[in-house]
Amino acid sequence: GQQLNQSPQSMFIQEGEDVSMNCTSSSIFNTWLWYKQDPGEGPVLLIALYKAGELTSNGRLTAQFGITRKDSFLNISASIPSDVGIYFCAGQRTAGNMLTFGGGTRLMVKP
Amino acid sequence: NAGVTQTPKFQVLKTGQSMTLQCAQDMNHNSMYWYRQDPGMGLRLIYYSASEGTTDKGEVPNGYNVSRLNKREFSLRLESAAPSQTSVYFCASSPGQASGNTIYFGEGSWLTVV
């Protein structure tokens, strides 16, 4: 099935550093979503993007819907230890279509 | 606020055994889903139920069956477990496909087939 290419697969950073990750696809999505999964938990929605070019923030998190509608980016500023987890992007072609998930970015933060 | 509740949390099965994963949501959502999560593969859709009384195959349905028992409950059954079904299983729900896809996930069920 359709896969989203998410990179990097993992990151090990120092507390306080900024983080960037992205998702790309060969086809267009009309909605992009970013989820975070804490260890032993289910994914939780962080940010939803509905319009090409849209830039949305949620605290220290900022996500962008790429102009081509084939990519999306998530940035985390001034990382803290509780940012540890797996971040997933997900795309949806049209309302009513199933979500397609990226493979996840595992983030580790060193205090 | 329970949200999406799934049981059991952990299970070890022998090859060939059967089991059912239970899921219930208390948000009055129309749509429910079962995903499996494998390392580096993200979340892959096994089956979904767009509304009570309907079920459809997702990306990886082979070896599974589902039942939408009522609006609240959506169960996943493994009739004859195989080692390839060792995975983390997530149940999820959303208000409805026409309402956008804000999906809420359960906490996961860790299944090991030996």
Side-chain angles (χ1 to χ4, degrees), chain A residues 1-11 21-25 29-51 54 56 58 63 65 72 74 85-108, chain B residues 1-10 21 23 25 27 29-51 54-62 87-110:
Chain A
Q2 172 70 40
Q3 285 283 319
L4 293 181
N5 298 311
Q6 186 172 347
S7 65
Q9 288 189 344
S10 63
M11 303 179 71
M21 59 191 78
N22 68 84
C23 263
T24 61
S25 172
F29 287 97
N30 291 312
T31 300
W32 284 93
L33 306 169
W34 284 92
Y35 286 84
K36 183 194 177 194
Q37 183 180 21
D38 290 326
E41 303 290 332
V44 174
L45 182 67
L46 296 174
I47 294 177
L49 303 160
Y50 301 105
K51 187 177 178 181
E54 180 180 353
T56 298
N58 178 5
F65 192 143
S72 180
L74 177 69
I86 303 176
Y87 293 80
F88 290 101
C89 62
Q92 182 185 29
R93 288 193 184 80
T94 60
N97 275 15
M98 293 301 107
L99 293 181
T100 299
F101 283 85
T105 295
R106 181 180 296 273
L107 178 64
M108 293 158 280
Chain B
N1 294 331
V4 179
T5 304
Q6 55 182 110
T7 57
K9 182 88 170 178
F10 300 98
L21 298 175
C23 176
Q25 52 91 9
M27 296 175 281
H29 285 171
N30 289 312
S31 301
M32 297 186 73
Y33 313 83
W34 275 105
Y35 288 88
R36 62 176 288 171
Q37 182 180 28
D38 302 293
M41 299 290 289
L43 289 147
R44 293 183 293 169
L45 185 64
I46 305 170
Y47 270 93
Y48 67 99
S49 171
S51 61
T54 69
T55 61
D56 286 287
K57 295 179 180 179
E59 184 184 353
V60 287
N62 291 345
S87 188
V88 184
Y89 291 85
F90 288 97
C91 178
S93 70
S94 66
Q97 291 182 300
S99 307
N101 244 345
T102 303
I103 287 185
Y104 298 84
F105 287 88
E107 294 187 341
S109 296
W110 275 253

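Computed from heavy atoms alone, side chains included, the values below leave out hydrogens, waters and symmetry copies. So you know, we letter chains A, B, ... as the sequences are listed, proteins then strands, and number each from 1. Keep in mind it's a predicted model, so treat the numbers as computed, not measured.
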Q: With sequence neighbours excluded, tell me which residues meet side-chain contact (heavy atoms from CB on, under 4.5 Å) with B/Leu45.
A: A/Met98, B/Tyr33, B/Tyr35, B/Tyr48
Q. Backbone N or O of B/Pro95 within a donor-acceptor pair of the B/Asn30 side chain at under 3.5 Å?
A. yes
Q | Under the side-chain contact (heavy atoms from CB on, under 4.5 Å) test, residues paired with B/Met27 that sit two or more places apart | A | B/Val4, B/Gln25, B/His29, B/Ser93, B/Tyr104
Q.
For chain B, which candidate among A/Cys89, A/Gly103, A/Pro43 shows the most heavy-atom pairs at distances under 4.5 Å?
A. A/Pro43
(Q) If we define contacts as heavy-atom pairs under 4.5 Å, which of A/Gln6, A/Gln9, A/Gln37 has the most with chain B? (A) A/Gln37
Q: Counting only heavy atoms closer than 4.5 Å, note whether B/Gln37 contacts chain A via side chain, backbone, both or neither.
A: side chain
Q) Under 3.5 Å, is there a donor-acceptor pair between the side chain of A/Asn58 and the main chain of A/Ile47? A) no
Q: Go through A/Ala90, A/Gly40, A/Ser10 and name the one with the most non-hydrogen pairs under 4.5 angstrom from chain B.
A: A/Gly40
